[in-house]
Amino acid sequence: MNDRMALRFDLGATWLNLLATRGTHFGEHPVERIPTVERLTEWFERAELSPARKLSNRDLQRTWELRELLRPIALATVDGDEPKPTDVSALDRFLQTHPAPIRLALTDRLTRERPKTAAEALGRIARQAVDHLTGPERGFLSACPEHDCRGVFSDPSGRRRWCPNPACASRGRVRALRARRAQSENS
């Protein structure tokens, strides 16, 4: 599998990793990293949210729906803008229709009971996003400045300029170098 299709788990929270399941979202050729139920199953497994019930195409659609509900709200939050009321209402409806019960268990470590359905798993992700977007951690959110990416990530250090994708940082550095060279040639 090529790097463009690799699942991302380096953005600082499960809900942010969900946003990264669609790469170069704003570019000419976006990358859908969970195009199938099988790939969604893999993503849920790696996120430690595998539902007990087998996933369906409807679950895949709901996952895409949640991802695209969260993206504009996250970007508005990062940009210091007020999210659109229609986006907030849609997310609120999603939360109301996707229960997220969590039961804890102790094995050799603290664990949570696996969600029974994808709807429960998505409800957990949506609630994590809302907590992050409305709590003090929202100040750690940043967005990649690359116009085709705009990937949202958590940056508690405040030192990251680009998302964790090395391609974005590389393109940004090359563009900055070219701009500096052009400026020095014109000086």
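Owing to the predicted nature of the structure, the values given are computational and were not obtained by experimental measurement.
In this structure, P51 and A121 approach most closely via the heavy-atom pair CG-CB, 4.5 Å. For the pair S142 and D155, the tightest heavy-atom approach, listed with the atom from each and the gap, is CB-CB, 4.5 Å. When all heavy atoms are compared, the tightest approach of S154 to G12 is CB-CA, 4.1 Å. Residue L75 comes nearest to A143 through the heavy atom pair CD2-CB, 3.9 Å, listed as atom of the first residue, atom of the second, then distance. Scanning both residues, G23 and R33, for their nearest heavy atoms gives CA-NH1, 3.4 Å.
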Could you list the donor-acceptor pairs under 3.5 angstrom formed by side chains in residues 62-70, with sequence neighbours left out?
from	atom 1	to	atom 2	distance (Å)
R62	NH1	D59	OD1	3.4
T63	OG1	D59	O	2.8
W64	NE1	E32	OE2	3.4
W64	NE1	I34	O	3.2
R67	NH1	T21	OG1	2.9
R67	NH1	E32	OE1	3.2
R67	NH1	E32	OE2	2.9
R67	NH2	E32	OE1	2.8
E68	OE1	R71	NE	2.9
E68	OE2	R71	NH2	3.0

Pairs of donor and acceptor atoms involving the side chains of residues 93-104, under 3.5 Å and at least two apart or interchain, shall be tabulated with distances.
from	atom 1	to	atom 2	distance (Å)
T97	OG1	R93	O	3.1
T97	OG1	F94	O	3.3
H98	ND1	F94	O	2.9

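L91 is not listed as a side-chain neighbour of D87, based on a closest heavy-atom distance of 4.5 Å or more. Using a 4.5 Å cut-off on side-chain heavy atoms (C-beta onward), V152 and L11 make no contact. Side chains of V31 and H29 form no contact here, defined as non-hydrogen atoms less than 4.5 Å apart. Side-chain contact between L7 and R39 is present, with at least one heavy-atom pair separated by less than 4.5 Å.
Expressed to the nearest 0.5 Å, how far CD of E146 lies from OG1 of T24 amounts to 11.5 Å. The distance from the CD atom of Q128 to the CG atom of L16 is 7.5 Å, given to the nearest 0.5 Å. Rounded to the nearest 0.5 Å, atoms OG1 (T14) and CZ (F44) are 10.5 Å apart. Rounding to the nearest 0.5 Å gives a distance of 4.0 Å between CG of L55 and OG1 of T41.
L133 and V88 are assigned to two separate hydrophobic clusters, defined by single-linkage of ILVMFWY side chains at heavy-atom distances under 4.5 Å.
Qualifying side-chain hydrogen bond (donor to acceptor under 3.5 Å, both in side chains) partners for D10, counting only residues two or more places apart in sequence or in other chains: R8. Shown here are the side-chain hydrogen bond (donor to acceptor under 3.5 Å, both in side chains) partners of D148, two or more places apart in sequence or in another chain: R171. Remark: R124 engages no residue in a side-chain hydrogen bond (donor to acceptor under 3.5 Å, both in side chains) (not counting sequence neighbours).
Using a distance-only test at 3.5 Å, with no hydrogens or angles considered, no donor-acceptor pair links the side chain of S50 to the main chain of R114.
No more than 12 heavy-atom neighbours from other residues, nucleotides or ligands sit within 6.0 angstrom of CZ on R53.
Identified under the ring-ring contact (aromatic ring centres under 6.0 Å, His included) test for residues 103-158, with sequence neighbours left out: W15-H132.
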